[in-house]
Amino acid sequence: MPQSEPDRWPLVYIIILNWNQLELTLDCLDSLAALEYPRFEIVLVDNGSTDGSPAAIRSRYPTVTVIENEENLGFSEGNNAGIRYALAQEADYVLLLNNDTVVERFFLTELIRVAEADPQIGIVGPKMYYFDQPEMIWCAGNAICWSRGETTRLQAEQLDTKPEYEQPRAVDFITACAMAVKRQVIDEVGLLDARYFIYYDEADWCVQAARRGYQVVYVPASKIWHKVSAAMG
């Protein structure tokens with residue numbers, strides 16, 4: 001899929017959720033402005049902010065679609081508002097992206113390249129570093145221990161110095177900090193389960209996809225930096 005033929009690349013809708021965090025969100029959008037991918041749209045879902053975020057974002061980024069929820073619907077249902085919009089616009093992929101992240105300019109290209117290589121790959125996610133420690137891995141996919149009911153961030157707190165880990169690999173789930181989902185997965189699985197409000201909704205989504213035969217894959221060539229816990233305080 002050469003960059004010179006943009007129509008051959010899938011259409012990706014990037015969904016960013018904001019709640020009274022204008023500066024974080026603008027930093028994220030600034031990084032996306034340099035993104036090297038030929039077919040993407042950005043949807044900013046505002047979860048009932050009172051800090052003037054929607055107007056400020058429209059002013060600085062008039063091409064970004066802004067959806068305003070009247071109240072804070074939580075992470076799951078807030079993102080669902082953006083997902084519904086993306087599907088109505090014939091998106092091929094939906095990418096959930098935290099507003100407390102900045103991205104490497106080829107991160108989306110690398111994700112989609114891997115996802116498109118195999119029809120059984122349904123969900124992909126990047127290597128996530130700490131923003132304040134840019135060589136330290138925050139998350140490289142996640143594992144679920146079913147016997148203990150626990151989840152583990154893989155390679156967490158490790159310096160990025162192990163080339164043997166640089167190949168895409170299957171994981172139990174991708175953190176919703178940054179995860180790209182094929183449209184057919186959403187068509188089969190449905191939206192995020194709003195009963196979670198926040199946390200574990202993405203784990204559930206990935207498990208439901210895997211039970212339908214889709215692979216969930218971590219893509220180390222795709223990279224973002226996460227201002228950990230900034231969105232939650």
Side-chain angles (χ1 to χ4, degrees), residues 1-18 24-45 57 61 63-65 79 82-83 85-87 89-119 121-129 131 134 137-142 160 166-171 173-186 192 202 205-206 209 214-227 231:
M1 294 186 295
Q3 291 287 92
S4 60
E5 300 182 50
D7 289 344
R8 296 182 60 186
W9 288 83
L11 174 60
V12 180
Y13 269 72
I14 301 173
I15 299 171
I16 302 170
L17 191 64
N18 175 71
L24 280 178
T25 299
L26 289 177
D27 285 348
C28 180
L29 291 171
D30 289 347
S31 74
L32 289 171
L35 197 60
E36 294 286 346
Y37 186 84
R39 296 187 70 206
F40 73 95
E41 301 288 341
I42 301 173
V43 178
L44 189 286
V45 180
I57 291 165
Y61 284 102
T63 61
V64 170
T65 297
N79 273 297
I83 295 169
Y85 177 86
L87 297 181
Q89 307 306 309
E90 303 300 328
D92 297 308
Y93 285 79
V94 168
L95 172 72
L96 304 187
L97 185 66
N98 270 23
N99 68 332
D100 59 354
T101 62
V102 295
V103 306
E104 194 272 335
R105 64 192 183 116
F106 292 108
F107 101 103
L108 184 54
T109 301
E110 297 297 339
L111 287 180
I112 301 305
R113 192 189 310 278
V114 170
E116 287 291 286
D118 186 342
I121 297 177
I123 299 175
V124 289
K127 180 183 293 182
M128 305 177 192
Y129 299 93
F131 181 81
I137 295 171
W138 176 69
C139 186
N142 302 270
D160 190 16
E166 288 306 294
Q167 296 301 314
R169 64 177 185 271
V171 295
F173 73 95
I174 300 295
T175 301
C177 177
M179 64 188 304
V181 186
K182 283 181 178 175
R183 182 195 183 95
Q184 56 263 43
V185 172
I186 303 174
L192 290 165
E202 81 273 57
W205 224 18
C206 291
Y214 291 102
Q215 294 181 30
V216 178
V217 175
Y218 158 68
V219 183
S222 174
K223 301 176 181 181
I224 70 164
W225 287 264
H226 185 203
K227 301 171 185 177

Can you name the side-chain hydrogen bond (donor to acceptor under 3.5 Å, both in side chains) partners of Asn18, sequence neighbours left out?
Thr25, Asp46, Ser49, Ser53
Residues that Tyr13 engages under side-chain hydrogen bond (donor to acceptor under 3.5 Å, both in side chains), provided they are two or more places apart:
none
Measure the [atom1]-[atom2] distance between [X] and [Y] for me, rounded to the nearest 0.5 Å.
| X | Y | atom1 | atom2 | answer |
| --- | --- | --- | --- | --- |
| Phe107 | Leu32 | CZ | CG | 6.5 Å |
| Leu29 | Ile16 | CG | CD1 | 4.5 Å |
| Leu35 | Ile42 | CG | CD1 | 7.5 Å |
| Tyr93 | Leu11 | OH | CG | 11.5 Å |
| Thr109 | Glu104 | OG1 | CD | 8.5 Å |
| Met128 | Asn98 | CE | CG | 8.5 Å |

Contacts of Ala209 that satisfy side-chain contact (heavy atoms from CB on, under 4.5 Å) - sequence neighbours left out:
Ile123, Val185, Val189, Tyr214
Atom pairs and distances, donor-acceptor, side-chain atoms in residues 173-183, under 3.5 Å, two or more places apart:
unit_1 : atom_1 : unit_2 : atom_2 : d
Thr175 : OG1    : Asn142 : ND2    : 2.9
Lys182 : NZ     : Ala115 : O      : 2.9
Lys182 : NZ     : Asp118 : O      : 3.1
Lys182 : NZ     : Ile121 : O      : 2.8
Arg183 : NH1    : Leu87  : O      : 3.0
Arg183 : NH1    : Ala91  : O      : 3.2
Arg183 : NH2    : Leu87  : O      : 3.2

With sequence neighbours excluded, tell me which residues meet salt bridge (charged side-chain N to carboxylate O under 4.0 Å, His left out) with Asp160.
Lys127
Does any non-hydrogen side-chain atom of [Y] lie less than 4.5 Å from one of [X]?
| X | Y | answer |
| --- | --- | --- |
| Lys227 | Asp27 | yes |
| Leu95 | Leu111 | yes |
| Tyr61 | Asp30 | yes |
| Leu17 | Asn99 | no |

Nearest heavy-atom approach of Ile15 to Asn79 is CG2-OD1, 3.5 Å
Only counting residues at least two apart or in another chain, list the ones meeting ring-ring contact (aromatic ring centres under 6.0 Å, His included) with Tyr129.
Trp225
Intermediate values then yes/no, side-chain contact (heavy atoms from CB on, under 4.5 Å), Leu96 and Leu192
CA-CA 11 Å; Leu96 304 187; Leu192 290 165; 3.9 Å; yes
Test item: Arg105 side-chain N/O and Ala34 main-chain N/O as donor-acceptor pair under 3.5 Å:
no
Under the criterion side chain to side chain contact (heavy atoms under 4.5 Å, CB included), which of Val103, Asp100, Val102, Leu97 is the partner of Cys28?
Leu97
